[in-house]
Amino acid sequence: MVKKSTLEKLSNRELEKYLQSQNRFVPEAVQIAFDILKDRGRIFSAAEINNIQHLIQHKKESEAAKKYEEIEDWKDHITTDPSAVKLYSRTFILISGVFLGTLFGAILLSLNFLKLKKYIPAVFTFLLGIIYVPLQFYAYKFIVENNLASSSRYSPEILPVVTGPLILVIIWVTSMPKRIVYRSQSYLFPSIFAAIMLFLIFSNYERLFSSYFLMRFSE
């Protein structure tokens with residue numbers, strides 16, 4: 001956020017830089033610099049005022065377009081086009097990762113990468129899923145043993161549960177082709193894999209899955 005008090009400390013010459021067409025300042029800063037210069041008695045011609053107004057409007061439109069681009073990059077782009085590649089959706093990976101563990105989501109994301117022949121991200125994601133199982137266990141154990149957990153919905157014990165799936169989403173956004181359009185993959189394999197994960201979670205061998213979200217319903 002641009003503060004007028006900060007810009008008021010600048011000289012007129014420094015403020016003039018905010019009005020140049022190729023400047024990198026945000027539109028709010030340009031507007032404030034323009035207002036300060038007018039208050040200081042700087043006389044602008046009609047052409048100058050018109051150019052400054054166009055500059056501010058252009059910057060606002062560029063910012064809006066950039067935000068739209070960023071939002072689009074984080075969206076799932078699912079289609080019914082039969083020629084599109086079949087992938088497990090980002091939303092499905094995120095939600096299933098929270099309930100069934102990061103390993104579950106990581107394997108699905110790895111299969112997506114393999115489908116697109118992106119082998120390095122596939123191997124990295126798969127290894128992350130395996131490593132995250134003990135990592136989540138020890139993180140949860142540390143939180144509980146140090147009495148950091150609470151009954152609040154924002155208790156720190158939930159952090160290991162949601163951090164892994166969120167990392168998977170970040171990997172998707174940074175490693176997948178931008179705005180890839182795809183069809184939903186069959187849920188047959190995830191259903192079978194989910195049954196295996198449910199068995200592992202509720203059997204809770206060596207309490208390895210104590211932190212998993214579904215264990216809250218078994219207590």
Side-chain angles (χ1 to χ4, degrees), residues 1-78 89-95 97-98 102 105 109 121 124-125 128 132 135-136 139-140 142-144 146-181 211 213:
M1 182 176 180
V2 182
K3 292 184 178 181
K4 186 176 181 179
S5 59
T6 301
L7 269 65
E8 286 177 329
K9 298 176 183 178
L10 302 178
S11 65
N12 287 5
R13 184 175 181 180
E14 290 172 316
L15 290 173
E16 290 282 355
K17 295 179 181 179
Y18 283 72
L19 308 183
Q20 295 175 0
S21 60
Q22 300 301 320
N23 76 73
R24 297 183 179 181
F25 302 110
V26 297
E28 293 80 5
V30 176
Q31 181 65 61
I32 292 173
F34 178 50
D35 293 338
I36 293 173
L37 285 170
K38 286 194 298 181
D39 291 341
R40 292 180 180 178
R42 165 76 154 85
I43 305 299
F44 292 93
S45 66
E48 286 177 320
I49 293 174
N50 185 59
N51 289 336
I52 292 169
Q53 290 175 338
H54 276 85
L55 173 62
I56 294 171
Q57 184 60 32
H58 174 70
K59 283 181 172 291
K60 287 181 178 179
E61 291 174 354
S62 297
E63 279 194 349
K66 184 178 180 180
K67 289 180 180 178
Y68 175 79
E69 294 286 328
E70 291 174 350
I71 291 172
E72 286 297 303
D73 287 342
W74 284 87
K75 279 185 178 179
D76 263 334
H77 298 277
I78 303 176
S89 76
R90 186 187 309 169
T91 302
F92 179 60
I93 289 173
L94 174 63
I95 295 175
V98 170
T102 301
L109 182 54
F124 173 80
T125 304
L128 172 66
Y132 201 82
L135 184 64
Q136 180 173 333
Y140 177 79
F142 174 83
I143 291 171
V144 172
N146 287 274
N147 299 315
L148 299 175
S150 69
S151 58
S152 168
R153 69 173 64 179
Y154 303 111
S155 173
E157 64 182 311
I158 200 69
L159 283 175
V161 177
V162 300
T163 300
L166 289 176
I167 291 174
L168 295 180
V169 172
I170 293 172
I171 292 174
W172 174 301
V173 173
T174 56
S175 301
M176 281 283 189
K178 294 294 184 183
R179 302 183 198 174
I180 182 171
V181 178
S211 63
F213 186 80

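A side-chain donor from one of Arg40 and Asn12 sits under 3.5 Å from a side-chain acceptor of the other. For the residue pair Glu8 and Ser5, no side-chain donor N or O sits within less than 3.5 Å of a side-chain acceptor on the partner.
Under the rule for a side-chain hydrogen bond (donor to acceptor under 3.5 Å, both in side chains), the partners of Arg179 that lie at least two apart in sequence or sit in another chain are Glu69, Asp73. With sequence neighbours left out, the salt bridge (Lys or Arg N to Asp or Glu O under 4.0 Å) criterion links Glu63 to no other residue.
Using a 4.5 Å heavy-atom cutoff, the side chains of Leu168 and Leu128 are in contact. Side-chain atoms of Arg42 and Glu48, non-hydrogen and from C-beta on, do get closer than 4.5 Å to each other. Here the side chains of Phe124 and Ile171 are in contact, with some heavy-atom distance below 4.5 Å. With a 4.5 Å cut-off on side-chain heavy atoms, Ile56 and Gln53 do not count as touching.
For the pair Lys59 (side chain) and Phe25 (backbone), a donor-acceptor distance under 3.5 Å is present. One N or O on the side chain of Tyr132 and one on the backbone of Pro160 form a donor-acceptor pair closer than 3.5 Å. Panel note: side chain Asn23, backbone Tyr18; a donor-acceptor pair is recorded below 3.5 Å.
Figure legend: cation-pi geometry between Lys66 and Tyr68 absent, as NZ or CZ is not positioned both under 6.0 Å from the six-membered ring centre and within 45° of its axis.
For Phe44 and Phe34, the distance between ring centers is under 6.0 angstrom.
Note that CD1 of Ile32 is 12.0 Å distant from CG of Leu37, once rounded to the nearest 0.5 Å.
Across Gln20 and Leu55, no two heavy atoms sit closer than the pair O-CD2, 3.7 Å.
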